[in-house]
Amino acid sequence: MADKFTMPKLSPTMEEGQIARWLKAEGDTFEEGETIAEVDTDKATMELTALKGGTLLKILKQGGETALLNETIAITGKTGEDFSALLAEIGTKPVAVSSNGNSQSKVEEAKPVEIIQPKVEEQTPKSGDGRILVSPIAARMATENGIDLRTINGSGPQGRIIKRDIETALESPKPKVQSPSFTASQVFGASNFRDESASKMRQIIAERLTASTQNVPHFYLTVEIEMDSVIALRKQINATVSEAEKVSVNDIIVKAAAMSLVKHQWVNASFQDKSVRFYEDADISIAVAIEDGLITPVVRAANKKGLLAISAEIKELAGRAKAKKLQPEEYTGGTFSISNLGMFGIEQFTAIINPPEAGILAIGGASEKAVVRNGEIVVRNMMNVTMSCDHRVIDGATGAKFLQTFKQMLETPAMMLL
């Protein structure tokens with residue numbers, strides 16, 4: 001029996017997905033667990049896998065087209081099977097939109113709908129009765145951004161206007177308006193500028209970080225740590241392993257943080273409205289910069305893993321993060337975060353907490369400084385670390401004790417064995 005293949009929820013914040021490409025064509029067969037398409041979400045390019053084997057009978061969403069969650073994007077079944085009844089069931093009702101752009105009813109489907117527009121001479125694709133063919137998502141985007149659908153050339157099936165066409169219109173350079181004799185910058189001293197549409201990922205980052213600063217009471221603690229022992233330990237380890245296995249200073253920092261977290265349960269916790277949730281293991285979220293912003297792949301139970309295992313896992317996760325190939329469970333559900341900008345020459349900074357976590361470490365670079373030891377001035381590699389704390393969970397003394405343990409483990413790495 002033919003079945004609907006629907007758009008699944010591939011990330012916690014996903015509301016819709018865009019088909020990146022189909023790996024199977026209509027008429028191709030596939031096995032259970034085989035990837036048949038790739039989808040771009042707000043976080044990454046995800047793989048769509050089949051829950052059972054069959055044949056791809058009909059593709060309803062082509063590459064570049066967008067589908068809402070649970071919307072049918074294809075029909076699967078047995079080769080040669082009649083699926084006309086299923087196609088009729090999937091069909092959607094037209095939704096009318098008045099000439100001022102206001103929808104007369106809420107559009108949930110992403111199948112083509114018809115938009116009532118005044119009769120004009122433009123050559124915008126229309127149905128037989130003169131109505132513009134446009135997908136609901138494209139219609140909504142056009143209304144929100146004040147775009148006249150009559151000016152858009154549709155690239156979808158039968159020439160309908162789809163999300164991609166609206167995005168192209170938004171990205172197109174706008175004509176500059178200025179007086180014949182002077183520009184705005186000459187009058188007001190303002191620079192010329194351009195506006196670019198924010199990516200879905202950048203929009204989600206903005207929403208989450210704004211919510212964090214508004215809803216989470218932050219306070220900050222800074223400590224200076226001598227890193228000579230860590231540098232020496234890294235040198236010893238890397239002298240005995242292959243090039244691919246070599247560890248970084250950040251790998252050792254992750255291990256030290258994980259070991260410190262299990263010794264301070266109130267830091268390895270999260271506020272849950274009327275309760276506090278304590279975690280048994282330290283799942284460390286590592287901030288990784290990618291093209292569209294930041295993503296935080298998680299090293300699970302880092303307190304139970306050795307340095308080589310942590311190093312290999314971070315390399316693998318970071319590589320797939322930059323390729324947008326992470327699965328949702330690989331970048332969500334951390335208990336604590338680490339953001340390291342030391343490699344960019346940053347000595348000290350503060351970071352915003354990633355809810356529902358209760359803390360994040362902002363790691364600066366280690367550099368040689370003159371310090372006093374036993375009454376003598378000596379040169380040591382010193383590193384500044386600033387911890388952002390959620391005051392609903394972590395008190396000042398609690399955060400200070402955690403940092404004290406963290407400092408001790410880095411200055412005396414053998415303590416990580418205790």
Between Thr222, Leu221, Ile360, which is the residue that forms a side-chain contact (heavy atoms from CB on, under 4.5 Å) with Thr386?
-> Thr222

Heavy-atom count around [X] [atom1] within 6.0 Å, excluding the residue itself: above 12?
X	atom1	answer
Lys246	NZ	yes
Gln265	CD	yes
Lys24	NZ	yes
Lys325	NZ	yes
Glu329	CD	yes
Leu51	CG	no
Arg194	CZ	no
Lys322	NZ	no

[Y] side chain reached by [X] side chain, heavy atoms, under 4.5 Å:
X	Y	answer
Leu48	Phe5	yes
Thr49	Ile36	no
Val254	Ile338	yes
Thr29	Thr79	yes
Leu294	Val288	no
Asp3	Ile75	no
Leu403	Leu361	yes
Val298	Thr332	no

Residue list, side chain to side chain contact (heavy atoms under 4.5 Å, CB included) with [X], at least two apart or on another chain:
X	value
Ala366	Met227, Met383
Lys4	Thr6, Thr72, Leu86, Glu89, Ile90
Ala256	Phe406, Met409, Leu410, Met416

Can you measure from [atom1] ([X]) to [atom2] ([Y]) and round to the nearest 0.5 angstrom?
X	Y	atom1	atom2	result
Tyr331	Thr296	OH	OG1	9.5 Å
Asn381	Ser229	CG	OG	10.5 Å
Glu15	Leu68	CD	CG	9.0 Å

Is any side-chain N of the basic residue among [X] and [Y] closer than 4.0 Å to the acidic one's carboxylate O?
X	Y	result
Asp251	Arg234	no
Glu31	Lys52	no
Glu16	Lys163	yes
Arg300	Glu313	no

Set of ring-ring contact (aromatic ring centres under 6.0 Å, His included) partners for Phe349, sequence neighbours left out =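 So Phe349 forms no ring-ring contact (aromatic ring centres under 6.0 Å, His included) with any residue.
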
Mind jotting down which residue pairs meet the ring pair (Phe, Tyr, Trp, His ring centres under 6.0 Å) criterion with at least one end in residues 278-324? Sequence neighbours excluded, please.
->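 Sorted result for residues 278-324: Trp266-Phe278.
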
With Lys315, which residues qualify under side chain to side chain donor-acceptor pair (under 3.5 Å), at least two apart?
->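 Applying side chain to side chain donor-acceptor pair (under 3.5 Å) to Lys315 gives Ser311.
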
Using a distance-only test with no angle check, is there a side-chain donor-acceptor pair under 3.5 angstrom linking Ser155 and Asp165?
-> yes

Under 3.5 Å: donor-acceptor pair, side chain of Thr151, backbone of Ile147 |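 Here the side-chain-to-backbone pair does not exist.
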
Smallest separation among heavy atoms of Ser337 and Asn354, with atom names |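 Where Ser337 meets Asn354 most closely, the heavy atoms are OG-CB, 4.1 Å.
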
What do the steps show when you test Glu38 against Arg21 for salt bridge (Lys or Arg N to Asp or Glu O under 4.0 Å), and what is the final call?
-> CA-CA 6 Å; Glu38 293 180 347; Arg21 61 170 179 153; 3.1 Å; yes

Dump the intermediate steps for salt bridge (Lys or Arg N to Asp or Glu O under 4.0 Å) on Arg320 and Glu330, then the final yes or no.
-> CA-CA 10 Å; Arg320 288 197 292 114; Glu330 293 178 310; 2.5 Å; yes

